[in-house]
Amino acid sequence: MRRSVLLLGLPLLMLAGCAPADTPGPAAPTGSPPGTSPDHRREGFEQRAAEAAEAWQPDPAWIKGYVPLQGPTLLTGDPGFTSDTEAAFRSGWYREQITLPATRPADTAIRFPDGTLTVPLVSAAEAYRELDQGDPPSCPGRPKAPPRTKGGPTIEPGPDGWVTSAPEAACTPLTVTAVRLGTAPVRTSRGEAQVPAWLFDVEELKSPVARLAVAAHAVTALPEPVMPPRAAPDGVVGAQNLQTVADARISYQLGVGACDTEITPLVLERDDVVVVGGGVTNTATACTDQLVLHPVEVTLKSPLGTRPVLDVLTGAPLHFGVR
């Protein structure tokens with residue numbers, strides 16, 4: 001089974017490296033503001049995390065419905081990106097060179113670890129309209145139209161499609177040459193599910209681009225934040241999104257300030273829920289007002305399973321990547 005590559009956004013500024021979860025926080029430097037020592041940061045986090053865990057009351061749809069924790073466009077394998085094709089993929093620049101089927105398939109089952117749910121689907125033409133986000137800007141001296149594949153495009157019924165050489169892609173959209181209905185692995189509130197998806201073969205990429213085929217009215221949105229809005233505890237920052245989940249290891253991004261230091265991941269683990277955030281130190285007297293996404297990783301005592309991962313400040317369940 002192929003595993004999907006998560007579709008991530010491009011933050012304005014990313015700090016490299018992950019802080020280990022089990023590393024004790026360093027002592028606060030001389031002159032630190034009151035209440036920002038490692039002990040106070042952890043104490044503030046644990047109090048707020050306990051409130052978030054106790055406030056979590058999932059809707060029945062969280063347990064029995066379809067609540068995706070990933071966006072509807074994802075990759076089915078290594079795409080072999082160049083800088084140009086990655087820019088086109090992230091921007092949603094596509095051109096179709098086939099006739100896209102406009103007929104909606106019959107209702108199809110999503111397969112969860114704990115059962116199935118039959119849902120209505122959209123047509124390939126409808127999925128493509130959501131996939132395509134417009135045309136790229138023109139670049140002097142570069143063609144917008146890639147050369148057509150010999151023999152013309154086809155709708156490929158096979159499981160793997162075919163591979164062609166990729167034309168130069170700067171300032172050009174990605175070229176859709178075939179489409180078929182298949183499935184894609186998607187993290188959901190009920191664990192990783194096999195979800196019906198339209199798989200678009202793209203001339204410039206090594207693996208198909210998947211657009212989930214579930215009709216919008218069958219998708220349940222993530223619950224709203226459950227915590228009342230108020231200031232964060234001193235030295236505590238919230239989590240912005242999940243990056244990866246591998247058994248008991250979770251990587252996520254913290255939203256920190258440009259002058260924050262001693263960034264440490266913090267986690268509260270319970271049998272039914274996991275709450276994450278981070279601790280920071282800031283001794284700067286003046287700093288730019290800027291949100292920086294800082295990657296961190298934690299190891300839980302047991303595999304995550306279907307437990308939700310909540311942000312410590314809002315109590316909202318975290319989504320993969322940028323929504």
Find the distance between [atom1] ([X]) and [atom2] ([Y]) and round it off to the nearest 0.5 Å.
X	Y	atom1	atom2	result
Glu51	Leu313	CD	CG	11.0 Å
Glu269	Lys301	CD	NZ	6.5 Å
Leu174	Glu86	CG	CD	11.0 Å
Leu293	Asn241	CG	CG	6.5 Å
Arg90	Thr73	CZ	OG1	12.5 Å
Ile63	Arg190	CD1	CZ	9.5 Å

Backbone N/O of [Y] and side chain of [X]: donor-acceptor pair under 3.5 Å:
X	Y	value
Asp59	Trp62	no
Gln253	Gln240	no
Thr306	Gly191	no
Arg307	Leu304	yes
Arg249	Val298	no
Thr118	Thr116	no
Ser123	Thr103	no
Ser91	Trp93	no
Asp201	Thr177	no
Gln290	Gly257	no

Taking side chain as C-beta onward, heavy atoms only, is [X] less than 4.5 Å from [Y]?
X	Y	value
Ile263	Leu254	yes
His319	Leu222	yes
Val209	Leu75	yes
Trp56	Pro308	yes
Pro185	Glu192	yes
Pro223	Pro58	no
Leu121	Asp107	no
Glu96	Leu100	yes

**Prompt:** Is it true that Arg270 and Glu54 make a salt bridge, defined as a side-chain N closer than 4.0 Å to a carboxylate O?
**Reply:**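 Salt bridge between Arg270 and Glu54, a charged N being under 4.0 Å from a carboxylate O: yes.
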**Asked** Looking at Arg41 and Glu46, does any basic side-chain N land under 4.0 Å from a carboxylate oxygen?
**Response**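 Salt bridge absent between Arg41 and Glu46.
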**Request:** Hey, can you tell me if Tyr94 and Tyr128 have their rings parallel, tilted or perpendicular (30° and 60° cut-offs)?
**Result:**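 Because their plane-to-plane angle is over 60°, the rings of Tyr94 and Tyr128 count as perpendicular.
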**Mutual orientation of the aromatic rings belonging to Phe112 and Tyr66 [parallel < 30°, tilted 30-60°, perpendicular > 60°]** =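 The rings of Phe112 and Tyr66 sit tilted, inter-plane angle from 30° to 60°.
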**Request:** Using the side-chain contact (heavy atoms from CB on, under 4.5 Å) rule, pick out the option among Val274, Val309, Ile250 that qualifies with Leu318.
**Result:**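 Exactly one option meets the side-chain contact (heavy atoms from CB on, under 4.5 Å) with Leu318, and it is Val309.
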**Item:** Identified side-chain contact (heavy atoms from CB on, under 4.5 Å) partner of Pro225 from the options Thr314, Leu310, Asp311
**Value:**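 Among the candidates, only Thr314 passes.
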Kindly check if the number of other-residue, nucleotide or ligand heavy atoms within 6.0 Å of [atom1] ([X]) is above 12?
X	atom1	answer
Gln47	CD	no
Asp271	CG	no
Arg111	CZ	no

**Item:** Stepwise side chain to side chain contact (heavy atoms under 4.5 Å, CB included) test for Val214 and Ile110
**Value:** CA-CA 9 Å; Val214 181; Ile110 299 174; 4.1 Å; yes
For a quick test of reading the model, state the closest non-hydrogen atom pair linking [X] to [Y] and the distance between them.
X	Y	result
Leu74	Ala184	CD1-CB, 3.9 Å
Asp132	Gly92	OD1-O, 3.4 Å
Ala258	Thr288	CB-OG1, 3.6 Å
Gly315	Met227	N-CG, 3.4 Å
Phe45	Val275	CZ-O, 3.7 Å
Val312	Gly277	CG1-CA, 3.9 Å

**Gln194/Thr183 under side chain to side chain donor-acceptor pair (under 3.5 Å): CA gap, chis, key distance, verdict** = CA-CA 6 Å; Gln194 291 296 320; Thr183 62; 3.2 Å; yes
**CA sep, side-chain torsions, deciding dist, call: Glu126, Arg211, salt bridge (charged side-chain N to carboxylate O under 4.0 Å, His left out)** = CA-CA 10 Å; Glu126 291 172 297; Arg211 179 74 187 189; over 6 Å; no
**Prompt:** When you look at Asn282 and Thr261, which way does the side chain to side chain contact (heavy atoms under 4.5 Å, CB included) test go after all the steps?
**Reply:** CA-CA 6 Å; Asn282 188 334; Thr261 61; over 6 Å; no
**Asked** Using a distance-only test with no angle check, is there a side-chain donor-acceptor pair under 3.5 angstrom linking Thr281 and Glu262?
**Response**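 Side chains of Thr281 and Glu262: pair found under 3.5 Å.
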**Item:** Stepwise side chain to side chain contact (heavy atoms under 4.5 Å, CB included) test for Phe81 and Leu205
**Value:** CA-CA 7 Å; Phe81 277 143; Leu205 303 181; 3.8 Å; yes
**Request:** Begin from the C-alpha positions of Arg42 and Leu266 and carry the test side chain to side chain contact (heavy atoms under 4.5 Å, CB included) through to its verdict.
**Result:** CA-CA 7 Å; Arg42 183 171 294 278; Leu266 298 171; 3.3 Å; yes
